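Single-structure report; data block below.
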Amino acid sequence: MSLVARLKDWRPYRVARHLWLLATSRRYRVAWLIQRENPPNLFQPFTDTEVDRYPRLFRYARENLPGGPAVRLLSFGCSTGEEVFTLRHYFPEAAIRGIDINRANIKVCQRKLRRAPDPGIDFLQAGSTQGEETAAYDAIFCMAVLRNGNLALPDKDRSDLYIRFEDFAATVADFDRCLKPGGLLFIVSSSFRFADTPTASGFEAALQRQIKNPSSPRARMFDEKNREIPGAVYSDTVFRKRGMRSGSR
């Protein structure tokens, strides 16, 4: 074992590194605190995000959803708000809500909104969509949320060390309730396949996304019993809810 590896296994070093990261890294601190709190329906504790992170998918949404102020969009697991403010550029008149399980993230979102007020945007702390109205949204964006970064660590062949398929299935079932007929559901970088859920029968796959590095531990997929599916690649990303959109002919 190398000197570096031995150092990383040395408990005083690990404790010192942990304390240093708590003091200097907001990302580390926020993830550690939410994992310690462990609220119901916690999937991804990490807050990685960026502006216009998925331009192809946002363009697809703009091209396949109606325009105007009647459109309602939901960013589930909105982190610190970059996705919501990006969607505003694609949908200048839509009502856009961001929800996130982490109160620290929502505080950041609300500070940003106060600096640039927009009456069509709001943010709420929530770990699920159970508080949302039925058939309220034209699209729900769930980007790199229904996963857990710890599953990329070595020797993690079961997801229920951190997250469970049954919670994933319950989450997407409530997305279905909140979507209008004909609405779009965007699921990116999930640890589970939407097609394995009972909810999927009410949707049709509308768009696939290329998986850049399917052999990466970050791309691991797990089945209904929380077991890793070796070599699995699942590229379906956008799903349209079956049924006639209101106003369609």
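What you see is a predicted model, and the numbers here were worked out from it, not measured in a lab.
Not a single donor-acceptor pair under 3.5 Å links the side chain of R193 to the backbone N or O of Y234. Checked by atom type and distance alone, the side chain of K241 never pairs as donor or acceptor with a backbone atom of L185 at under 3.5 Å. In this structure, the side chain of R158 does not engage the main chain of F222 through any donor-acceptor pair within 3.5 Å. With T237 contributing its side chain and S235 its backbone, the two residues share a donor-acceptor pair below 3.5 Å. Side chain of R114 to backbone of P117: no donor-acceptor contact under 3.5 angstrom is found. Using modelled atom types, no side-chain atom of S75 and backbone atom of G98 make a donor-acceptor pair closer than 3.5 Å. One N or O on the side chain of R240 and one on the backbone of G182 form a donor-acceptor pair closer than 3.5 Å. Of the possible donor and acceptor atoms, none in the side chain of T129 sits under 3.5 Å from a partner among the backbone N and O of E132. Side chain of Q44 to backbone of G149: a donor-acceptor contact under 3.5 angstrom is found. Using a distance-only test at 3.5 Å, with no hydrogens or angles considered, no donor-acceptor pair links the side chain of S25 to the main chain of L21.
Looking only at side-chain heavy atoms (C-beta outward), F203 and L179 come within less than 4.5 Å of each other.
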Steps toward side chain to side chain contact (heavy atoms under 4.5 Å, CB included) verdict (I96, R88): CA-CA 8 Å; I96 309 173; R88 168 55 77 224; 3.7 Å; yes
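Once rounded to the nearest 0.5 Å, the distance linking CG of N105 with NZ of K107 reads 11.0 Å. To the nearest 0.5 Å, atom CG of residue L124 and atom CD1 of residue I99 are 7.5 Å apart.
The environment of CZ in R103 is sparse: at most 12 heavy-atom neighbours from other residues, nucleotides or ligands sit within 6.0 Å. In R218, the CZ atom is not crowded: 12 or fewer heavy atoms of neighbouring residues, nucleotides or ligands sit closer than 6.0 Å. By the neighbour-count criterion of 12 heavy atoms within 6.0 Å, atom CD of E133 is sparsely surrounded, having that number or fewer from other residues, nucleotides or ligands. Within a 6.0 Å radius of CZ in R177, more than 12 heavy atoms belonging to other residues, nucleotides or ligands are found. Counting heavy-atom neighbours within 6.0 Å of E50 CD, excluding the residue itself, gives a total above 12.
Side-chain contact of Y162 with N226: a donor-acceptor pair under 3.5 Å is absent, judged by distance alone.
The pair R27-D48 meets the salt-bridge criterion, since a charged nitrogen lies less than 4.0 angstrom from a carboxylate oxygen. Under a 4.0 Å N-O distance rule, the pair D138/R72 does not qualify as a salt bridge.
The aromatic rings of Y54 and F58 sit perpendicular, their planes meeting at an angle over 60°, well past the 30° parallel limit. F85 and F123 have tilted rings, their planes meeting at an angle from 30° to 60° on a 0 to 90° scale.
Residue F76 forms a ring-ring contact (aromatic ring centres under 6.0 Å, His included) with just one option from F43, F141, F175, and that option is F175.
Cluster membership check: I163 does not share its hydrophobic cluster with V188, using side-chain heavy-atom separations under 4.5 Å among Ile, Leu, Val, Met, Phe, Trp and Tyr.
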